[in-house]
Amino acid sequence: MKQSVTGLIKSILEEAKTNGLLRFETLPLIPVEAPKEKSHGDIATSIALALAPREGKRPLEIAKIILKGLEGKDIDFEKVEIAGPGFINFTFRKEYWHEILNDVLKKGETYGRSELGKGIDVNVEFVSANPTGPLHIGHGRGAALGDALSNLLQTAGYKIQREYYINDTGTQMETLGRSLWIRLLQLHNQNVSLPENHYQGEYIKGIAREMVTTRRLDEIIKITKARDFFDLSKMPEEEVIPFFTDYAKESILKGIREDLERFGVRYGRWFSEKSLYEDGKVDSVLSEIKERGFLYERDGALWLETTRFGDDKDRVVRRKTERYTYFASDIAYNNNKFNRGFKRVIDIWGADHHGYVPRMKAVIQALGNAPETLNILLVQLVTLLKEGKPVAMSTRAGEFVTLKEVIDEVGVDAARYIFLTRRHDSHLEFDLEVARRQSSENPVYYVQYAHARIASLFRETAVRGIILPETVDTGLLNLPEELDLIKDIANYPEVIEGSALSLEPHRITYYLHGLASRLHSYYYKYRVITDNLELTYARLFLLKSLGIVIKNALKILGVSAPEKM
RNA sequence: GCGCCUGUAGCUCAGUUGGAUAGAGCAACUGCCUUCUAAGCAGUAGGCCAGGGGUUCGAAUCCCUUCAGGCGCGCCA
């Protein structure tokens, strides 16, 4: 609808130019929007205001020219009027709105989908927490955002691959393995203490005990040809630690997988950093970049010239010690994504990594891609409130509230919904008590309740033997509240496109809230099932459409749409 | 010191990419269940959009600057 109004105005302006009424050289962008004030019609444009200074005319004059040009056109609005300083407000005929419902019911769960993405392959990488400990609440936010964004983009017609990058190599993995090894030594009453920079969390002790009960430890003793545990503990560290690194990594990763699965997140691929080295991808990408002339040696180390692309200093990819930095595999990973055919790459990071954005953007360009092909969304950290007080969290010290605990306490729906009520770069306070409460304080129930109410209504009509016919007279829906609801419904595809373009799924939660609010109000004020059967049909038709939209939107957020509450 | 993010109602946050009179939830106060679900509805009150300057028909939104808070600035991971 917007497009047709835009096109209409455009042609009128061009006609006015040929008639000598206007003299612009190039047409400016024609701003068209839905006004927030109802009396301003359904759609409005400020083009007359924008054009006025260039034309040397008053905005009202230009608005009148446009209005005049409209007269001969074959589009029927209920009303077109000039308002305020020169806005032109269009009001559609009611028939236009009434038509919408048929479309919604016909499309059902596909209502809201669009071709915006044109099947473009997009890689969405999110969470990617190091397998050194369980997921905490901050990861939950990234998970909710990444998954909802993926759903959203799919709805908007993109082809999405969800991906998790596993940092399963490097010194931190050794540290992890050593942490486990030391816990095992302690378990066998050996007097060793865990260094401060190692992983202190209780979960490492749990893994140690697990290794004993599952007999995995015995197997390792056998493989290393040690006689017993004591013998094993005398062996050189570098020979035994890889076993523990592997076990710890697998065990933790298994937990991460389970948590995410339970949270409703399924990845298309779990990508191992280690595999990049094993497949020679790191070496090959570096030599490729070297050919392009962006690599150089200095002080015995190998550097990527990221300053060529706006970074404030160049970055080391291989240390003097010959060991690669994490940056090196990051380059290979990004290159790999594009080599797999993704046209666009979206990364979701914790905001504490924002300093890495310029260098990754540089990498993209050094690889010969446009910087816009990489979107990095920074998620602000979550402040967890328990009994109204913030809970301090530190991963290394092993002091944190895990995602699992949060889900156990508040449930998946509430957790996901709350994470998605904020823009990604806005701070988020997560109040455990509020999230747990099954009351109006909890926004998720407000929306779910709207859906349950509609479902309940249809259970009631079934009992009463009222069966909704395939076609109904939607022209009976003339209450202002009914038209507002229809306009909300009609607006849904635009909300999807807007959210998809801006990568902001939180807009959907706000949209849903407004929708639910108008439904609750309508539901309270009017009765759907009345003595007038035709009217009852029409209202049921409206509510059925509404239920469809709520369900579709909740599905994008990854929140269930209950039939009963 | 340099860079990034944030600053909107008592609290938590939206604000459709520069539009018309700045919104919602919570908290506070007043009402509404003999009705298809009260996890709901109706209403009252609450604002120097951190401060200052600029850009223009028009700014919470863009630019400059000051202040406040958070984060980041390694051949760490």
Side-chain angles (χ1 to χ4, degrees), chain A residues 31 33-37 39-40 44-46 48-50 52-53 58-59 83-87 89 130 132 167 170-173 175 197 298-303 312-313 315-321 323-327 350-358 378 380-381 383 385 396 421-423 425-431 434 437-450 452-461 463-464 491 494-495 498-499 501-502 504 506-507 509-511 513-514 516-517 519-530 536 539-540 543 564-565:
Chain A
E33 56 163 28
K36 11 183 182 177
E37 182 63 38
S39 64
H40 294 150
T45 179
S46 58
L49 291 156
R58 297 179 39 216
F87 291 99
N89 298 332
N130 293 337
T132 55
N167 290 110
T171 47
Q172 70 167 0
M173 280 293 107
T175 306
N197 60 355
R298 192 180 72 202
D299 306 332
L302 196 59
W303 301 69
D312 45 4
K313 59 180 86 163
R315 308 291 171 178
V316 171
V317 294
R318 199 184 60 214
R319 302 182 187 107
K320 192 159 57 183
T321 61
R323 191 166 191 162
Y324 287 110
T325 61
Y326 274 70
F327 188 45
D352 50 339
H353 291 89
H354 74 255
Y356 295 74
V357 174
L378 299 173
Q380 285 295 334
L381 306 182
T383 308
L385 295 183
R396 208 163 268 253
T421 53
R422 301 287 179 259
R423 218 175 58 236
D425 59 352
S426 170
H427 295 272
L428 183 134
E429 253 182 29
F430 194 107
D431 189 318
V434 170
R437 231 170 280 166
Q438 302 202 352
S439 75
S440 52
E441 284 174 72
N442 201 334
V444 66
Y445 298 114
Y446 188 77
V447 174
Q448 289 185 317
Y449 187 51
R453 265 189 154 169
I454 293 170
S456 156
L457 197 57
F458 279 91
R459 280 194 298 274
E460 179 66 23
T461 54
V463 168
R464 298 196 194 188
N491 196 30
E494 238 172 78
V495 171
S499 311
L501 284 172
S502 58
E504 291 179 341
H506 77 275
R507 290 190 193 187
T509 60
Y510 284 87
Y511 167 78
H513 190 273
S517 165
L519 168 78
H520 287 314
S521 178
Y522 174 71
Y523 185 91
Y524 180 83
K525 198 164 168 187
Y526 303 101
R527 296 190 62 79
V528 175
I529 302 170
T530 65
T536 301
R539 290 185 170 171
L540 285 172
L543 291 207
K564 246 184 213 174
M565 283 174 79

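Just the heavy atoms: all of them, side chains too, but no hydrogens, waters or symmetry mates, feed the values below. Every chain is numbered from 1, with letters handed out A, B, ... down the list of sequences.
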Checklist line | Thr421(A) and His513(A), any side-chain heavy atoms less than 4.5 Å apart | finding: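 His513(A) does not reach Thr421(A) side chain to side chain.
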Heavy atoms from C-beta onward define the side chain here; which of [options] lies closest to that of [X]?
X: Gln380(A); options: rU21(B), rC5(B), rC41(B); answer: rC5(B)
X: Phe87(A); options: rC41(B), rG19(B), rA14(B); answer: rG19(B)
X: Asp425(A); options: rG40(B), rU21(B), rU6(B); answer: rU6(B)
X: Leu457(A); options: rA14(B), rC36(B), rC41(B); answer: rC36(B)
X: Tyr510(A); options: rU37(B), rC13(B), rC5(B); answer: rC13(B)

Nucleotides 15-18 of chain B: which of its N/O atoms have a protein N/O under 3.5 Å away?
unit_1  : atom_1 : unit_2    : atom_2 : d
rG15(B) : OP1    : His506(A) : NE2    : 3.0
rG15(B) : OP2    : Arg423(A) : NH1    : 3.1

Checklist line | Stacking check Tyr523(A) vs rG40(B) (5.5 Å / 30 deg) | finding: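 Whether judged by distance or by angle, Tyr523(A) falls short somewhere, so it does not stack on the base of rG40(B).
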Starting at [atom1] of [X] and ending at [atom2] of [N], how long is that distance when rounded to a whole Å?
X: Tyr449(A); N: rC36(B); atom1: OH; atom2: P; value: 12 Å
X: His40(A); N: rU21(B); atom1: NE2; atom2: C1'; value: 9 Å
X: Arg453(A); N: rU37(B); atom1: CZ; atom2: C1'; value: 6 Å
X: Asp431(A); N: rA27(B); atom1: CG; atom2: C1'; value: 13 Å
X: Arg422(A); N: rU8(B); atom1: CZ; atom2: P; value: 13 Å
X: Tyr524(A); N: rU35(B); atom1: OH; atom2: C1'; value: 10 Å
X: His520(A); N: rG25(B); atom1: NE2; atom2: P; value: 12 Å

Notebook entry, point to check: Can you check whether Tyr526(A) has a side-chain N or O nearer than 4.0 Å to OP1 or OP2 of rC41(B)?
Noted result: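 Checking rC41(B) against Tyr526(A), no side-chain N or O comes under 4.0 Å of OP1 or OP2.
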Notebook entry, point to check: Just to confirm, is there a sub-4.0 Å distance from OP1 or OP2 of rU37(B) to any side-chain nitrogen or oxygen of Ser456(A)?
Noted result: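 Yes, within the criterion.
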Check: Reading nucleotides 71-76 of chain B 5' to 3', which nucleotides get B (base under 4.0 Å from a protein heavy atom), which S (sugar-phosphate only), which -?
Finding: BSSSBB
Check: Closest approach of Thr325(A) and Val316(A), non-hydrogen atoms and distance?
Finding: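 Smallest interatomic distance, heavy atoms only, reads OG1-O, 3.0 Å.
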Hey, does [X] reach any base, or is it just sugar-phosphate, or nothing, if we go heavy atoms under 4.0 Å?
X: Ser521(A); value: sugar-phosphate
X: Leu302(A); value: nothing
X: Ala44(A); value: base

Notebook entry, point to check: Are Arg539(A) and Tyr522(A) linked by a side-chain donor-acceptor pair shorter than 3.5 Å?
Noted result: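 Yes, a side-chain donor-acceptor pair sits under 3.5 Å.
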Notebook entry, point to check: Any side-chain donor paired with an acceptor under 3.5 Å for Asn130(A) and Gln172(A)?
Noted result: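 Yes - a donor-acceptor pair under 3.5 Å links their side chains.
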Item checked: Worked verdict on Arg459(A) versus Ser456(A) for side chain to side chain contact (heavy atoms under 4.5 Å, CB included) -> CA-CA 5 Å; Arg459(A) 280 194 298 274; Ser456(A) 156; 3.4 Å; yes
Next item on the list: Check if the side chain of Arg527(A) and the base of rU35(B) share a donor-acceptor pair of N or O atoms closer than 3.5 Å.
Entry: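 Side chain to base: pair found, below 3.5 Å.
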Item checked: Qualifying residue for side chain to side chain donor-acceptor pair (under 3.5 Å) with Asp425(A), from Arg423(A), Arg422(A), His427(A) ->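 Running side chain to side chain donor-acceptor pair (under 3.5 Å) over Arg423(A), Arg422(A), His427(A) with Asp425(A) returns exactly one hit, Arg423(A).
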Filtered N/O pairs between nucleotides 45-47 of chain B and protein, under 3.5 Å:
none

Next item on the list: For the pair Arg453(A) and Tyr523(A), evaluate side chain to side chain contact (heavy atoms under 4.5 Å, CB included) and give the outcome as yes or no after the intermediate values.
Entry: CA-CA 9 Å; Arg453(A) 265 189 154 169; Tyr523(A) 185 91; 3.5 Å; yes
